[in-house]
Amino acid sequence: MKLSKLMLSASIAAIALVSCNKQDTTPESNRLRSVDISIENVVITKAAAGTKIEAGQAVVVNDFQIFLTDASGKNEYEGKVLDGSAPAQSYWSAADLAEGPISAQFHYVDPNCTKVVAIANMGKQLTFAEYQAVTETKISIDEQQNSQNLVLYDAKDLEATGNQHNDPNVDGTTYVADVFKADLVMTPRVSRFEVDGFTVKFNDEPKYDEINITQIAFQNYYPETTVVEGAESGTPAIYMDNFANQAAVYTWLDTPVEGEVPWYRDYFDVTITPAAPTADIKDADGNKAPLAYHIFSCDLVPVMVIKLTADGQPAFLYSKGFYKDAETPVTTFEEGKIYRMSAKGEVENDGSIPIDEDDIDPMDRCLEITVDVVDWAVELVYPEF
């Protein structure tokens with residue numbers, strides 16, 4: 001089982017940014033600008049492996065960088081410390097962030113600077129050329145499965161506030177500046193699907209004595225997106241294109257994976273009986289091992305496939321949709337939101353995929369999955385078969 005997919009804390013990192021312009025606020029002005037930045041919740045946030053992401057927890061930020069640019073984003077401007085004697089800090093490493101919330105100031109910035117960019121979890125301090133290369137290339141969904149290292153990005157134009165700020169220079173002059181601001185909210189480009197285990201609703205007179213669930217796989221997702229716009233692209237990944245062809249489906253499910261198991265697929269062994277109808281996914285040591293899958297956020301609905309046996313008879317189920325409730329389908333999956341499996345939204349079954357015993361049938365393979373959607377918070381979802 002891929003431990004990298006266990007639940008780790010995340011939510012939204014909110015950055016409040018303020019810019020100060022020396023008296024004249026027009027782009028044509030020769031007066032320099034000052035930028036005061038107040039950054040909240042940009043701290044390293046970790047949780048024990050196997051825990052869920054909870055609402056209100058900060059995104060895991062391992063490194064963080066700010067760029068000052070013009071409206072086109074093609075030109076970079078340097079900021080200096082308050083007295084103008086040295087460049088201002090614009091990059092914060094893991095060690096810097098570990099000390100807690102940070103703040104920064106950029107003074108004496110070219111008046112053509114009208115935009116602020118923040119990018120996180122790039123693994124190093126980027127040059128402006130490297131930053132531009134990142135924004136012009138695409139990121140792969142394979143590389144966005146670790147919730148501790150998701151690419152985070154936002155950019156905003158500066159807005160006037162009507163306030164003023166004093167900048168005392170090393171030359172002894174104190175400059176009065178007009179204050180500008182930009183509010184940045186950094187979010188991952190992915191939606192997150194979470195699974196703890198399974199719950200089977202048996203009939204009063206159960207049809208099966210034992211159900212063994214051994215595999216989950218996802219398909220129908222875009223392989224890449226862009227950092228800046230979040231524009232998904234590429235051919236959607238389809239591994240089984242005709243679920244009516246049972247021989248082909250079983251061949252794919254039963255064929256061993258060579259090398260490392262891909263992120264969209266997991267193997268395990270969960271046993272459910274009428275006496276114990278709910279069971280968590282566990283690791284080799286018997287500890288709970290919930291699973292998570294990141295998919296680029298868009299209106300393409302992913303498909304979840306479950307492989308199982310009922311009293312030794314092979315079967316599989318696949319989702320035909322996700323639902324907030326019994327009648328409301330989720331048609332758009334949003335960035336920074338968690339879609340957590342649940343028995344029709346019931347909190348006591350938080351994280352468990354519900355399966356009706358009657359849905360385990362060779363002729364009926366579909367699931368309807370209900371999803372509660374909130375901003376980077378626990379989302380309860382359930383499948384109907």
Side-chain angles (χ1 to χ4, degrees), residues 4-17 39-47 51-65 97 101 116-122 134-135 138-156 182-195 218 221-233 263-264 290-302 322 324 330-342 350-351 369 371-381:
S4 64
K5 293 196 290 188
L6 299 179
M7 321 296 285
L8 297 162
S9 67
S11 89
I12 293 177
I15 297 107
L17 182 149
I39 302 171
E40 299 177 358
N41 294 331
V42 182
V43 297
I44 292 180
T45 305
K46 296 183 178 180
T51 61
K52 296 185 182 72
I53 293 176
E54 301 296 343
Q57 290 180 325
V59 171
V60 175
V61 178
N62 301 305
D63 57 77
F64 177 80
Q65 190 165 1
L97 295 171
V116 179
V117 172
I119 192 166
N121 296 340
M122 300 308 298
V134 168
T135 61
K138 298 175 181 179
I139 54 176
S140 167
I141 193 61
D142 296 23
E143 301 169 347
Q144 295 298 296
Q145 294 303 315
N146 183 355
S147 63
Q148 288 193 97
N149 198 32
L150 297 170
V151 172
L152 307 174
Y153 175 89
D154 197 17
K156 290 292 190 302
D183 296 323
L184 295 162
V185 178
M186 303 187 71
T187 59
R189 287 301 186 196
V190 299
S191 301
R192 183 177 175 90
F193 289 78
E194 297 184 345
V195 180
F218 272 84
Y221 56 83
Y222 282 112
E224 57 191 16
T225 195
T226 56
V227 172
V228 176
E229 293 89 2
E232 286 73 34
S233 61
W263 67 267
Y264 56 81
L291 303 174
Y293 306 86
H294 294 165
I295 293 174
F296 287 137
S297 308
C298 61
D299 57 3
L300 182 66
V301 178
F322 293 85
K324 295 180 181 179
V330 179
T331 57
T332 300
F333 295 88
E334 301 180 48
E335 295 178 347
K337 291 195 175 181
I338 299 171
Y339 299 86
R340 179 169 295 163
M341 303 301 144
S342 177
D350 181 7
I369 299 176
V371 179
D372 292 333
V373 179
V374 296
D375 291 336
W376 215 234
V378 174
E379 300 299 335
L380 304 179
V381 300

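Considering only heavy atoms from C-beta on, Arg192 stays 4.5 Å or farther from Val190 through its side chain. In this structure, the side chains of Asn121 and Asn62 come closer than 4.5 Å at one or more pairs of heavy atoms. Here the side chains of Lys156 and Val116 are not in contact, with every heavy-atom distance at 4.5 Å or above. Using a 4.5 Å cut-off on side-chain heavy atoms (C-beta onward), Met341 and Phe322 make contact. Counting only heavy atoms from C-beta outward, the side chains of Thr225 and Ser233 never approach each other to under 4.5 Å. Taking the side chain as every heavy atom from C-beta outward, Thr331 and Asp299 never approach each other to under 4.5 Å. With a 4.5 Å cut-off on side-chain heavy atoms, Tyr264 and Ile141 do not count as touching. Side-chain contact between Val134 and Met122: present, with at least one pair of heavy atoms (C-beta onward) separated by less than 4.5 Å.
Note that CG of Asp63 is 9.5 Å distant from CG of Leu152, once rounded to the nearest 0.5 Å. Summarising the geometry, atom CZ belonging to Phe296 is positioned 9.0 Å from atom OG1 belonging to Thr226; distances are rounded to the nearest 0.5 Å. To the nearest 0.5 angstrom, Arg189 atom CZ is 15.0 Å from His294 atom NE2. The structure places OG1 of Thr332 at 10.0 Å from NZ of Lys337, a figure rounded to the nearest 0.5 Å. Here the CD1-CG distance, from Ile119 to Asp154, works out to 11.0 Å after rounding to the nearest 0.5 Å. Separation of atoms SG (Cys298) and CD (Glu334) is listed at 11.5 Å; rounding is to 0.5 Å.
Separation of the Phe333 and Tyr339 ring centroids falls under the 6.0 Å cut-off.
Listed here is the closest heavy atom pair of Trp263 and Asp142: NE1-OD1, 3.2 Å. Closest non-hydrogen pair, Ile295 versus Tyr221, comes out as CG2-CB, 3.7 Å.
At least one donor-acceptor pair closer than 3.5 Å links the side chain of Gln144 to the backbone N or O of Val151.
Ring geometry for Tyr293 against Phe218 counts as tilted: the plane angle lies between 30° and 60°, on a 0 to 90° scale.
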